[in-house]
Colleague: 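Pasting a structure below so you can have a look.
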2 protein chains.
Amino acid sequence: MRDLKQSRAVQTRKKILREAAQLFARKGFHDTKVDELIKAAEVTSGAFFHHFKGKDDLAIAVIDHHMEQRGRTLDRIEKGLPEPDGSDPLELAFRRLDAACEMVVRRRNRKGGCLIGNLATALSDTRPEFRKRLGECFDEMAAEFEINLAEAAADRDLDVDSREIARYIVSVIEGAIMLSRTQRDLGLVQQQIQRLKEDIRRSFQAEVPR
Amino acid sequence: MRDLKQSRAVQTRKKILREAAQLFARKGFHDTKVDELIKAAEVTSGAFFHHFKGKDDLAIAVIDHHMEQRGRTLDRIEKGLPEPDGSDPLELAFRRLDAACEMVVRRRNRKGGCLIGNLATALSDTRPEFRKRLGECFDEMAAEFEINLAEAAADRDLDVDSREIARYIVSVIEGAIMLSRTQRDLGLVQQQIQRLKEDIRRSFQAEVPR
DNA sequence: TAAAACATACCAACCATTCGGTTTTATTTT
DNA sequence: AAAATAAAACCGAATGGTTGGTATGTTTTA
C-alpha cells in the first residue's frame with residue numbers, strides 16, 4: 001500500500017510531471033511553454049525551478065516517470081484482459097499488445113499522441129542526449145514483446161529475428177498513433193494492431209524452419 | 001523541359017521552400033525559427049514576408065510543394081527500379097514501396113525525418129487546419145498503393161480492405177522512420193519495409209476468399 | 001512607370017530563467 | 001513537548017535574450 005499522505009514537495013513534483021506529460025503528449029516539447037505548464041499544474045515558477053533545473057531537465061524526468069508509470073499501467077490493464085487459452089507464448093505477446101492498444105486508446109481520449117514518440121520526433125536529430133534516451137525507451141517497449149516472441153519461435157523451431165519483430169511492433173504502434181491523430185479515428189489504432197497480430201501469426205505459421 | 005532560367009522571385013520562393021522543408025524535417029515546426037530559415041535560405045526577412053504571410057502560411061506552402069516534389073521524385077526513383085517479372089499488381093505496389101523506401105533512405109542521409117510526419121506530430125492536436133491537411137497527405141500517400149492492392153485482391157478473389165492495408169503501409173513507414181532516427185540506423189527502415197512486404201504477400205496468399 | 005521584389009531597421013510580445021525574500025517542514029536542543 | 005534552528009519548498013517580480021512580424025524605403029522587373 002502506498003502512503004496515503006505524501007509530502008507537499010512530492011505532490012508538487014508529481015503534479016508538474018503529470019501535467020507536463022499531458023502537455024508534451026498533446027503539444028510536443030517545443031510548443032509547451034513553462035508558463036502554461038506551471039498554470040496547468042497550479043504551481044509557481046519558483047516551485048518549478050526549485051524541482052527542475054530547466055525545461056530539458058524536466059523532459060528527462062518526465063520520460064523516466066512516464067516509463068515507470070507505463071509499465072505499471074500496462075501490467076494492470078493486462079491483468080484485466082482474458083487469459084489466453086493455450087500456453088502459446090505468442091498469445092502472451094498478443095495479450096501484451098492488446099493491453100498496449102487499450103492504453104493508447106484510453107490516453108487518446110484526452111487528446112495527444114505518444115509522449116515518447118512526440119519527443120523522439122521533436123528532438124532526435126538535434127539533441128543527442130534525448131535521442132539516446134528515447135532510443136532506450138523504444139528498446140524497452142520492444143523488449144516487452146521480444147521474450148515471448150523468441151519463445152514462440154523456439155517452440156516452432158523457427159529461425160526468426162524476434163528482436164526485429166519486436167521493433168516492428170513498436171513501429172506499427174507509433175505509426176498508427178501518428179495517423180490516427182490526423183484522421184481523428186481511434187479505431188485506426190485498434191484496426192492496425194489487429195492486422196499486425198494477424199500478420200505475425202501468419203509469419204509464425206509459415207514454414208521457415210532452420 | 002523546365003525553364004532554364006527562372007525569375008528571381010520564383011527562385012527566392014523556391015529556395016525558402018527548400019530550406020524550410022529541410023529544417024522542418026530535421027527540427028520540426030516549432031523549433032525552426034524564421035530567423036534561421038532566412039539565414040539558411042540566404043534571403044532577408046523582407047523577402048520572406050513578401051512571399052509568405054507568416055510561418056503558418058509558409059508551412060502550408062511547404063506541405064503543398066513537398067507533396068508535388070515527392071510525387072515526382074517517387075516516379076523518377078521507381079523508373080530506375082527493375083521491372084517486376086510478372087504482371088501481378090501486388091508487385092507493382094511493392095515496387096512503389098521500394099521506391100518510397102529508397103527516397104526515405106536518401107533523405108535521411110541529410111538527417112531529419114518525414115516532413116509530413118513531423119508536422120503531423122507537432123500540430124495535429126492543436127491546429128485543426130493543419131491536422132486536416134496532413135491527414136489528406138497521408139491519404140494521398142496511401143492512395144498510391146491502394147489501387148494496386150485492390151487489383152491484386154480482385155485478381156485473387158480476396159475480400160480484403162485495400163484502403164486499410166494502404167494506410168497500414170503508411171503507418172509502418174512513418175513508425176520505422178521515427179524509430180530509425182533514435183537508433184541512428186537506416187537499415188531499420190529497409191528491414192521493416194522488407195518485413196512489411198513479406199507480411200502483405202502472405203496475407204494475399206492466405207485463403208480468405210469471399 | 002507601375003508593380004513586384006527585396007532590403008533594413010525596428011518593435012512588442014513572449015519566454016525561460018533568475019533571484020531575493022517568505023513560508024513550510026524536518027531536525028535538534030532544551 | 002515546546003522552542004530553536006536548519007533546510008527544503010515555495011513565491012512572484014524582474015530580466016534579458018529571442019522571435020515573429022511590421023513599416024518604410026529602395027531596387028528590380030515587366
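Chain letters run A, B, ... following the sequence lines, proteins first and then strands; every chain starts at 1.
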Colleague: Check whether A/S124 reaches the backbone of A/T121 with its side chain - one donor and one acceptor, N or O, closer than 3.5 Å.
Modeller: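 No, because the side chain of A/S124 does not come within donor-acceptor range (under 3.5 Å) of the backbone of A/T121.
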Colleague: When you measure from the side chain of B/K15 to the backbone N and O of B/A40, does any donor-acceptor pair fall under 3.5 Å?
Modeller: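 Between the backbone of B/A40 and the side chain of B/K15 there is no qualifying donor-acceptor contact (under 3.5 Å).
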Colleague: Rounded off to whole Å, could you give me the CG-to-C1' distance for the B/D31 and D/dT18 pair?
Modeller: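 So the CG-C1' distance, B/D31 to D/dT18, works out to 13 Å.
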Colleague: Is there a donor-acceptor contact under 3.5 Å from the side chain of A/R108 to the main chain of A/G112?
Modeller: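 Yes: the side chain of A/R108 pairs with the backbone of A/G112.
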Colleague: To the nearest angstrom, how far is A/K15 atom NZ from D/dC10 atom P?
Modeller: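 Atom-to-atom, A/K15 to D/dC10, this comes out as 12 Å.
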Colleague: Within this structure, what is the CD-to-P distance between A/Q11 and C/dT25, rounded to whole angstrom?
Modeller: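 Those two atoms, CD and P, are 10 Å apart.
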Colleague: What nucleotide, of C/dT17, D/dA9, C/dA5, holds the atom closest to the side chain of B/H51?
Modeller: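 Among the listed nucleotides, the one closest to the side chain of B/H51 is C/dA5.
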Colleague: Take atom NZ of A/K27 and atom C1' of C/dC15, then tell me their distance rounded to the nearest Å.
Modeller: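 So the two atoms are 13 Å apart, to the nearest Å.
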Colleague: Using whole Å, what does the distance between atom C1' of nucleotide D/dG20 and atom NE2 of B/H30 come to?
Modeller: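 About 14 Å, once rounded to whole Å.
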Colleague: Backbone N or O of A/F29 within a donor-acceptor pair of the A/K55 side chain at under 3.5 Å?
Modeller: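 Yes, the answer is positive, given that a donor and an acceptor are paired below the 3.5 Å cut-off.
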Colleague: Is the side chain of A/N118 donor-acceptor paired with the backbone N or O of A/A25 at a distance under 3.5 Å, no angle test?
Modeller: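 Yes: the side chain of A/N118 pairs with the backbone of A/A25.
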Colleague: Please confirm whether the backbone N or O of A/Q6 pairs with a side-chain atom of A/Q11, one donor and one acceptor, at under 3.5 Å?
Modeller: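 Indeed, once roles are kept as given, a pair shorter than 3.5 Å links the two residues.
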Colleague: Using whole Å, what does the distance between atom P of nucleotide C/dC15 and atom CZ of A/F29 come to?
Modeller: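 So the CZ-P distance, A/F29 to C/dC15, works out to 14 Å.
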Colleague: Taking B/K111's backbone N and O only, do any of them form a donor-acceptor pair with B/R26's side chain (distance below 3.5 Å, no angle check)?
Modeller: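 Answer holds: no.
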Colleague: Indicate yes or no for a side-chain donor-acceptor contact from A/R95 to the backbone of A/P82 under 3.5 Å, with no hydrogens or angles considered.
Modeller: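 Present.
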Colleague: What integer distance in Å separates B/K55:NZ from C/dA13:P?
Modeller: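 Taking atom P of C/dA13 as the reference, NZ of B/K55 is at 19 Å.
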Colleague: So which of residues 118-134 of chain A are in contact with DNA chain C, with a heavy-atom cut-off of under 4.0 Å?
Modeller: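 When residues 118-134 of chain A is checked for heavy atoms under 4.0 Å from DNA chain C, there are no hits whatsoever.
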Colleague: Ignoring hydrogens and geometry beyond distance, is a side-chain donor-acceptor pair present between B/Q192 and A/S171 at under 3.5 Å?
Modeller: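 Result is yes, a qualifying pair exists.
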Colleague: Return the value, rounded to whole Å, for the distance between atom NZ of B/K14 and atom P of C/dA5.
Modeller: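 After rounding, the reported distance stands at 15 Å.
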Colleague: If you take any heavy atom closer than 4.0 Å to DNA chain D, which residues from residues 34-50 of chain A end up in contact?
Modeller: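 Residues of residues 34-50 of chain A under 4.0 Å from DNA chain D: A/T44, A/S45, A/G46, A/A47, A/H50.
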